[in-house]
Engineer: 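Below is one structure. I have some questions about it.
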Amino acid sequence: MSGQAPRDPLAGLYQELILEHAKRRSGEGVLEPADAERFLRNPTCGDEIRLRVRLDGETVDAVGWEGQGCSISQASASVLAEDVPGLTAAGARSRIEALRELLRSRGSVEPDEALLGDAVAFAGVARFPMRVKCAMLAWVALEEALDELDAR
Amino acid sequence: MSGQAPRDPLAGLYQELILEHAKRRSGEGVLEPADAERFLRNPTCGDEIRLRVRLDGETVDAVGWEGQGCSISQASASVLAEDVPGLTAAGARSRIEALRELLRSRGSVEPDEALLGDAVAFAGVARFPMRVKCAMLAWVALEEALDELDAR
Amino acid sequence: MTTTSAEATLSEERIELLRADFPILAEQPGGVPLVYLDSGATSQQPRQVLEAEWVFRTQRNAAVHRGAHTLAALATDDYELARERIARFVGAKPTEISWAMNATDALNTVALSLAEANRAGATDPALRIREGDEILVTEAEHHANLLPWQRLADETGATLRWIEVDDDGVWTLEDALAAITERTRLVAIAHVSNVTGLIAPVEAIARAAHAVDALVVLDACQSVPHRPVDLPALGVDAAAFSSHKMLGPGGVGVLYLTAQLGAALPPARVGGSMITTVTMTERDYLPAPQRFEAGTQPVGAIVGLAAAVDYLEAVGMRAIERHEVALGERLAAGAAAIDGVRLVGPRPGSERAGLASVIVDGVHAHDVGQVLDAAGIAARVGHHCAQPLHRRLGVAATTRASTYLTTTEAEVDRFLDVLSTVRSYFGVGR
Amino acid sequence: MTTTSAEATLSEERIELLRADFPILAEQPGGVPLVYLDSGATSQQPRQVLEAEWVFRTQRNAAVHRGAHTLAALATDDYELARERIARFVGAKPTEISWAMNATDALNTVALSLAEANRAGATDPALRIREGDEILVTEAEHHANLLPWQRLADETGATLRWIEVDDDGVWTLEDALAAITERTRLVAIAHVSNVTGLIAPVEAIARAAHAVDALVVLDACQSVPHRPVDLPALGVDAAAFSSHKMLGPGGVGVLYLTAQLGAALPPARVGGSMITTVTMTERDYLPAPQRFEAGTQPVGAIVGLAAAVDYLEAVGMRAIERHEVALGERLAAGAAAIDGVRLVGPRPGSERAGLASVIVDGVHAHDVGQVLDAAGIAARVGHHCAQPLHRRLGVAATTRASTYLTTTEAEVDRFLDVLSTVRSYFGVGR
Ligand SMILES: Cc1ncc(COP(=O)(O)O)c(C=O)c1O
Ligand SMILES: Cc1ncc(COP(=O)(O)O)c(C=O)c1O
């Protein structure tokens with residue numbers, strides 16, 4: 001990177017894995033068929049996501065999403081789409097809860113890699129409160145989709 | 001006066017003549033017949049006056065008023081009703097203007113007794129900006145009544 | 001009222017210490033030491049409140065909930081922490097608290113929102129107000145809690161009814177219960193009257209109102225600053241109070257809306273920071289509280305209000321209440337004992353807040369106020385924004401002394417002393 | 001833009017002196033020196049403003065226009081002098097200025113009042129808006145100057161029309177004149193766009209609007225703080241601006257209404273201090289400006305705003321304008337020259353205010369803002385409360401740098417430098 005750009009203060013936020021996923025965008029596209037769909041929007045910045053999930057019994061079979069937003073929100077959706085399939089619905093919920101707790105902790109919670117998987121890369125977001133919503137957007141959409149399935 | 005009551009700071013405001021007029025209430029009552037009538041109200045304190053005036057050619061023949069309010073406003077109406085009859089309409093207007101200037105001056109204008117008549121007793125009101133409206137109420141009512149006659 | 005425990009009220013020494021926090025109390029605006037008995041109109045502010053704002057405004061000031069930069073994050077933190085702080089003070093959830101310009105604005109917001117909901121057909125039956133329905137207030141309301149409902153009644157075709165007061169300006173729970181009917185859709189009352197000091201039996205009224213599915217709106221301007229108030233426990237649907245009456249800066253009104261009402265009401269004001277999606281023809285609103293917060297909020301002043309709440313709680317709301325109730329009784333008993341002075345509101349010995357209004361026979365309130373002012377006593381004279389009550393009392397204006405945590409017994413006594421000289425000064429009633 | 005006279009703009013030395021008045025500019029919120037380029041959202045406050053408020057609040061604070069006591073008289077003096085001061089700043093008469101919570105509230109007041117007047121049958125034809133009539137805005141408006149008119153159109157049955165913008169977000173006087181028709185009843189436009197920096201030809205639009213008897217409402221949020229503005233000379237009927245964007249405290253919006261419109265409009269909010277006579281069923285309102293000032297106004301903050309106006313005039317509004325216009329051009333030209341950066345608004349070399357918004361190809365504005373913030377640069381990212389404009393530009397968010405009298409060329413250059421590194425940081429567009 002050239003010139004005066006401030007690499008250090010941002011390194012915790014923009015992990016390599018995040019920058020990579022922001023480009024890779026795993027799971028992008030309309031999932032067909034799907035069991036539930038949620039559309040979420042962050043009114044502050046206009047980021048949005050439409051996320052679909054398909055279950056196979058108790059297990060998440062696949063996740064697909066379309067959306068636009070910052071690198072954090074896009075990378076987060078991509079990591080979700082790669083990591084969550086294969087988890088049970090309950091396991092997915094634990095991961096969402098762990099991520100939420102971590103991100104809201106402002107750095108006071110130690111990330112648990114076993115529980116978080118690749119989402120551990122977002123640990124640095126905890127020090128940037130304004131970005132927590134970006135990192136959580138896809139996960140909240142998944143959570144609400146699972147809620148909807150539970151309610152049926 | 002008894003006890004701790006603070007006579008001095010108020011002496012400039014409540015001149016003997018004012019306290020007297022507040023009781024005497026010259027001109028109180030409905031003037032019949034009359035050439036013009038004005039009703040005025042001070043929304044801050046609820047003081048109100050209904051003032052009627054009768055002219056004899058260019059000369060103010062009589063003033064009558066009904067109203068309720070503080071001693072300053074009542075005394076002012078009483079002084080007006082005693083002093084103004086006999087003045088020309090123009091003379092009455094000069095007096096109103098002189099009084100207004102004096103009261104708004106915050107003490108920077110020297111009262112002109114020749115111009116003001118007994119209304120000179122209200123000079124002390126100039127140091128009490130919140131009471132200027134009280135002292136002016138009847139005079140403004142007269143002014144507006146004269147305006148109305150002019151407009152005919 | 002006497003108390004035995006030192007914790008239970010404020011000792012003279014404690015009050016002296018508190019007074020030192022209020023720079024203005026050392027002023028001599030008329031050349032005599034200030035006796036400030038006008039907290040009911042607006043309270044004075046302790047150094048701690050001014051300092052908290054100063055720190056915010058010189059170190060953390062930025063637009064909140066908008067920027068991503070660090071300063072904006074700091075400001076947003078302070079802002080939302082202040083909301084939590086103020087919510088906790090009245091037992092509410094942060095999402096139940098939104099900001100207004102003053103309590104008047106907060107009350108108008110509720111009335112305007114209800115009018116808007118009814119124009120839009122009020123799909124939610126809880127909001128429906130129509131011809132034949134009734135809106136209930138008392139005859140003693142502050143104009144802020146009367147005019148918005150007059151207008152709502154005019155617009156919806158509902159009838160405005162009111163609980164009448166007696167010759168002292170007092171009404172009772174029975175009066176209130178008798179006035180609540182099957183047609184009542186909304187009851188709007190002051191928790192504490194700013195003229196009479198009467199304390200309304202809010203819980204019982206709220207129960208009766210809810211039994212007929214009426215909404216209850218509380219004007220908490222004179223209660224929240226002076227006594228512990230738990231709004232959810234009172235059972236009201238909405239409440240309003242003003243920062244400037246509770247040691248905080250001007251320019252902040254607090255609107256409390258239960259989660260349910262907050263979700264149902266449309267916004268009164270629309271603009272930035274309260275929307276999700278806007279097109280040239282359509283708009284979608286955020287949920288409460290943001291829905292009611294269009295445009296840039298008075299963030300510095302809200303931070304100041306949170307500091308005021310900290311200050312009040314450090315002193316203790318129970319102790320403040322006890323202190324003021326004792327002063328209120330002293331005022332009432334003292335005034336009632338003066339020849340030619342008529343006390344408004346509950347009789348001495350009955351429950352009242354820390355304020356009293358009086359009528360001096362034969363002397364206009366403005367003249368009473370002037371004599372008091374000459375002695376350095378800042379009391380308020382006028383109709384106190386309650387013309388209907390004053391009309392019922394048969395006067396245009398009364399003289400009110402209102403206390404707060406910094407008011408001393410000596411100040412109350414000084415007021416009573418000077419009050420007792422007024423009639424002779426004007427030569428009436430010897 | 002270059003100027004020859006030393007008086008004409010602000011020298012570097014002068015700016016250094018001014019910056020010393022703003023305590024927050026010495027802060028390092030992110031551990032790096034602050035480069036504050038977010039004055040368009042909210043401006044920072046000089047010591048002089050904070051001190052003026054401090055003096056008022058510790059020496060002269062009281063309820064205004066209500067009490068008769070000395071403190072109330074002092075506070076009322078300060079309050080009305082502040083009104084005169086602020087009125088003079090925009091060429092208005094004091095009676096044409098009233099207070100709101102913020103500019104959003106002031107604009108809502110106009111729209112709500114017009115809605116109320118039309119519900120009441122609008123006896124004054126100047127206020128009449130009905131089905132088939134048109135309300136005209138631009139596609140670039142801030143939500144604060146769009147949503148109130150959407151709602152007014154919905155309620156009255158009028159059609160909301162808008163002047164469309166081109167691919168840069170720009171519209172012209174010809175577009176505006178073409179959009180004003182015999183059916184136009186109201187034109188609401190921003191004097192200066194908070195996103196594009198476009199300066200509207202207000203005088204010509206007002207003339208055209210008045211020729212068809214339409215009212216003109218000006219959103220002056222981004223003009224009054226940054227350049228000399230004479231509202232009567234512009235010929236608008238109403239205007240709104242916010243204290244917090246012009247060195248003043250938060251919590252004060254200024255509403256300008258010509259004497260004629262102020263006399264015709266009913267109030268949006270009702271309550272204390274704005275009435276003459278109130279009964280349980282009837283109410284009469286005071287004339288403007290009091291009619292629009294229900295309840296206790298933010299007096300301390302208004303005194304602070306008057307001090308801000310004093311400060312701005314001591315520096316000189318013409319000099320501030322020149323300084324910022326130069327910085328705006330520097331921003332625009334610099335940004336347009338960066339590969340992969342798209343400048344929004346007027347092209348470099350065209351007239352613009354002291355702000356610029358950009359789109360960085362391939363990088364979301366939030367990420368741009370984060371990189372800037374890491375360098376200490378507080379710029380704003382998002383839709384800036386102008387979603388329709390952003391939709392037209394084809395993006396959800398832009399990055400905006402906005403300047404003020406304390407902004408230096410070096411700060412602008414620092415912004416441009418860091419901006420030029422963003423794409424490579426995220427590995428796009430090499
Ligand atoms: C052009 C414009 N109009 C209106 C507003 C709203 O101002 P406020 O948030 O102070 O009400 C702003 C600022 O956000 C603005 O820039
Ligand atoms: C009982 C009551 N209600 C409402 C108000 C209005 O409060 P504000 O002027 O802060 O809006 C007041 C104070 O004036 C009050 O005492």
Side-chain angles (χ1 to χ4, degrees), chain C residues 23-24 27 29-30 38 41-42 44-45 50 54 57-59 61-63 66-71 74 101-102 104-105 108 142-144 147-148 150-151 162 242 244 249-251 269-272 275 278-280 283 294-296 298-301 366 369-370 373 378 380-382 385 387-388, chain D residues 23-24 27 29-30 38 41-42 44-45 50 54 57-59 61-63 66-71 74 101-102 104-105 108 142-144 147-148 150-151 162 242 244 249-251 269-272 275 278-280 283 294-296 298-301 366 369-370 373 378 380-382 385 387-388:
Chain C
I24 207 167
E27 290 290 316
D38 201 16
T42 204
Q44 298 300 344
Q45 299 158 33
L50 292 154
W54 188 284
R57 289 162 64 179
T58 59
Q59 294 175 21
N61 181 52
R66 292 186 168 189
H69 56 75
T70 303
L71 208 55
L74 295 173
M101 188 175 184
N102 48 34
T104 304
D105 180 39
N108 274 274
H142 189 285
H143 296 161
L147 274 65
Q150 287 184 349
R151 204 163 56 164
W162 57 92
S242 261
H244 72 91
R269 272 187 288 264
V270 292
I275 54 88
V278 172
T279 70
M280 287 310 289
R283 57 205 174 274
T296 306
V299 183
H366 235 92
Q370 201 75 57
D373 187 52
R380 189 158 161 223
V381 298
C385 301
Q387 284 189 7
Chain D
I24 207 167
E27 290 290 316
D38 200 17
T42 204
Q44 298 300 344
Q45 300 158 33
L50 292 154
W54 188 286
R57 288 162 64 179
T58 59
Q59 295 175 19
N61 181 52
R66 292 186 169 190
H69 56 76
T70 303
L71 209 55
L74 295 173
M101 187 175 184
N102 48 33
T104 303
D105 180 38
N108 273 276
H142 190 284
H143 296 160
L147 273 65
Q150 286 185 349
R151 204 163 56 165
W162 56 91
S242 263
H244 73 91
R269 270 187 289 263
V270 292
I275 53 88
V278 172
T279 68
M280 287 309 289
R283 58 205 173 273
T296 307
V299 183
H366 236 92
Q370 201 75 57
D373 186 53
R380 186 155 163 226
V381 298
C385 301
Q387 283 188 8

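Note that the structure is a prediction, hence the values are computed from the model and not measured. The chains referred to below are lettered A, B, ... by the order of the sequence lines, with proteins before strands, and numbering in each begins at 1.
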Engineer: Quick check on D:Leu74 against chain C: is it the side chain, the backbone, both or neither that has a heavy atom closer than 4.5 Å?
Structural biologist: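 Interface part for D:Leu74: side chain.
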Engineer: Name the member of C:Gly271, C:Pro249, C:Gly30 that forms the most heavy-atom pairs with chain D at distances under 4.5 Å.
Structural biologist: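 Ranked by heavy-atom pairs under 4.5 Å with chain D, first place is C:Gly271.
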Engineer: So does D:Met280 get a backbone contact from the side chain of C:Gln150, meaning a donor-acceptor N/O pair under 3.5 Å?
Structural biologist: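 Such a contact is found between C:Gln150 side chain and D:Met280 backbone.
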Engineer: Enter the distance from D:Arg269:CZ to C:Arg269:CZ here, rounded to the nearest 0.5 Å.
Structural biologist: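 One finds 5.5 Å between CZ of D:Arg269 and CZ of C:Arg269.
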Engineer: For the candidates D:Leu50, D:Thr42, D:Ile275, which exhibits the highest count of non-hydrogen atom pairs separated by less than 4.5 Å from chain C?
Structural biologist: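 Highest number of heavy-atom pairs under 4.5 Å: D:Leu50.
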Engineer: So if I apply the side chain to side chain donor-acceptor pair (under 3.5 Å) rule between C:Asn61 and each of D:Gln44, D:His244, D:Glu27, which one comes out positive?
Structural biologist: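 By the side chain to side chain donor-acceptor pair (under 3.5 Å) criterion, C:Asn61 pairs with just one of D:Gln44, D:His244, D:Glu27: D:Gln44.
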Engineer: Quick one: what part of C:Val278 sits under 4.5 Å from any heavy atom of chain D, side chain, backbone, both or neither?
Structural biologist: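 Looking at C:Val278, backbone and side chain both touch chain D.
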Engineer: Please identify, among C:Ala301, C:Gly369, C:Ala294, C:Ser242, the residue contributing the most non-hydrogen atom pairs under 4.5 Å to chain D.
Structural biologist: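 Maximum pair count with chain D is reached by C:Ala294.
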Engineer: For a 4.5 angstrom cut-off between non-hydrogen side-chain atoms, does D:Leu71 reach C:Asp38?
Structural biologist: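 Of all side-chain heavy-atom pairs linking C:Asp38 with D:Leu71, none is under 4.5 Å.
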Engineer: Shorter than 4.5 Å, heavy atoms on both sides: which option in D:Gly250, D:Ala144, D:Pro388 has the most such pairs with chain C?
Structural biologist: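 Looking at each option in turn, the highest pair count goes to D:Pro388.
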Engineer: What pair of heavy atoms forms the shortest contact from C:Thr296 to D:Asn102, and how long is it?
Structural biologist: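 Closest heavy-atom pair between C:Thr296 and D:Asn102: O-ND2, 2.8 Å.
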Engineer: Got a second to check how far C:Asp105's CG is from D:Asp105's CG, nearest 0.5 Å?
Structural biologist: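 The CG atom of D:Asp105 is 6.0 Å from CG of C:Asp105, to the nearest 0.5 Å.
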Engineer: Are side-chain heavy atoms of C:Met101 and D:Pro298 found at a separation under 4.5 Å?
Structural biologist: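 C:Met101 vs D:Pro298: side chains touch.
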